[in-house]
Amino acid sequence: MTRSGSKFKAKNPRNLYQQMYLEFKKKQLGYSTIAIIGQSCLGSGAAMILLMGETTMLLKMIILFFVTIFCMAFNGAVLAQLKAKATFNLLILSIVFSTLVILAHLF
């Protein structure tokens, strides 16, 4: 049982996405507030690791641009009070991209 009282039973990725979206939609204000802190920290960590890496400067700046844009897009969606689906999708996009950048530069 989740904190909002719904039962969480997800067996496949599509069902998992739907359950997480419904949970986010119920308590959008609270989850958005927490998510801003988390994804901003993850994005800044991705930027730091990216800039410490040994790739070409042009490639670093392009990837850094996308990390920044995705993080800012989510933050802007929360401030603009967009619909829950758009905000949730931007959160997932930001987290996945920042995580991929971190993993790509660590290994």
Side-chain angles (χ1 to χ4, degrees):
M1 180 128 356
T2 59
R3 298 217 183 255
S4 65
S6 64
K7 292 184 180 180
F8 192 80
K9 294 181 182 177
K11 294 182 181 175
N12 60 33
R14 188 171 188 98
N15 195 17
L16 176 65
Y17 170 81
Q18 190 65 25
Q19 291 295 326
M20 289 175 64
Y21 166 67
L22 291 175
E23 181 72 21
F24 181 83
K25 188 176 179 180
K26 283 182 187 176
K27 305 285 185 180
Q28 185 177 359
L29 184 62
Y31 283 131
S32 293
T33 305
I34 293 169
I36 283 176
I37 296 168
Q39 69 88 25
S40 294
C41 290
L42 185 65
S44 64
M48 180 189 72
I49 289 175
L50 176 66
L51 292 173
M52 288 173 39
E54 296 183 11
T55 57
T56 64
M57 187 57 82
L58 179 63
L59 183 60
K60 279 184 188 180
M61 291 300 121
I62 291 171
I63 297 172
L64 182 62
F65 171 77
F66 283 110
V67 168
T68 306
I69 289 297
F70 291 145
C71 288
M72 297 273 299
F74 172 71
N75 292 346
V78 172
L79 289 173
Q81 297 179 350
L82 294 183
K83 292 185 179 183
K85 186 124 182 146
T87 305
F88 185 68
N89 287 337
L90 285 170
L91 172 62
I92 290 175
L93 178 67
S94 173
I95 289 173
V96 167
F97 191 77
S98 294
T99 303
L100 288 175
V101 168
I102 290 171
L103 291 175
H105 284 82
L106 287 180
F107 300 110

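From a predicted model like this one, the values you see are computed outputs, not experimental measurements.
Taken from CZ in Phe107 to CD1 in Ile102, the straight-line distance is 11.0 Å, to the nearest 0.5 Å. The structure places OG of Ser32 at 10.0 Å from CG of Asn75, a figure rounded to the nearest 0.5 Å. In this structure, the separation between NZ on Lys85 and CG on Asn89 is 6.0 Å, given to the nearest 0.5 Å. Summarising the geometry, atom CE belonging to Met57 is positioned 10.0 Å from atom CG belonging to Leu64; distances are rounded to the nearest 0.5 Å. Thr33 contributes atom OG1, which lies 13.0 Å from atom NZ of Lys27 (distance to the nearest 0.5 angstrom). Annotation: the span from Phe70 atom CZ to Ile92 atom CD1 amounts to 13.5 Å, rounded to 0.5 Å.
Both Ile95 and Val78 belong to a single network of hydrophobic side chains, linked directly or stepwise wherever heavy atoms of I, L, V, M, F, W or Y lie under 4.5 Å apart. Taken together through direct or relayed side-chain contacts under 4.5 Å among Ile, Leu, Val, Met, Phe, Trp and Tyr, Leu50 and Leu93 form part of one hydrophobic cluster. Cluster annotation: Leu58 is connected to Ile69 through the hydrophobic network of ILVMFWY side chains, with a link wherever side-chain heavy atoms come within less than 4.5 Å. Side-chain heavy atoms closer than 4.5 Å link hydrophobic residues (I, L, V, M, F, W, Y) into clusters, and following such links, even through other members, never connects Ile37 to Phe74.
Looking at every heavy atom in both residues, Cys71 comes nearest to Ser98 through SG-OG, 4.2 Å. Across Lys60 and Gly53, no two heavy atoms sit closer than the pair NZ-O, 2.9 Å. Closest approach of Ala46 to Val67, counting heavy atoms only: CB-CG1, 4.3 Å.
Heavy atoms from other residues, nucleotides or ligands lying under 6.0 Å from CG of Leu29 number 12 at most. Other residues, nucleotides and ligands contribute more than 12 heavy atoms inside 6.0 Å of the CD atom of Gln18. Around the NZ atom of Lys25, the shell of radius 6.0 Å holds no more than 12 heavy atoms that belong to other residues, nucleotides or ligands. No more than 12 heavy atoms of other residues, nucleotides or ligands lie within 6.0 Å of CE in Met72, so this atom counts as exposed by the packing criterion.
Not a single donor-acceptor pair under 3.5 Å links the side chain of Ser94 to the backbone N or O of Leu91.
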**Prompt:** Going through the checks in order, is the side-chain contact (heavy atoms from CB on, under 4.5 Å) test met by Met20 and Asn15?
**Reply:** CA-CA 9 Å; Met20 289 175 64; Asn15 195 17; over 6 Å; no
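Ring geometry for Tyr17 versus Phe88: interplanar angle of 30 to 60°, hence tilted.
Side-chain contact between Ile34 and Gln39 is absent, with no heavy-atom pair separated by less than 4.5 Å. In this structure, the side chains of Val101 and Ile49 stay at 4.5 Å or more apart for every pair of heavy atoms.
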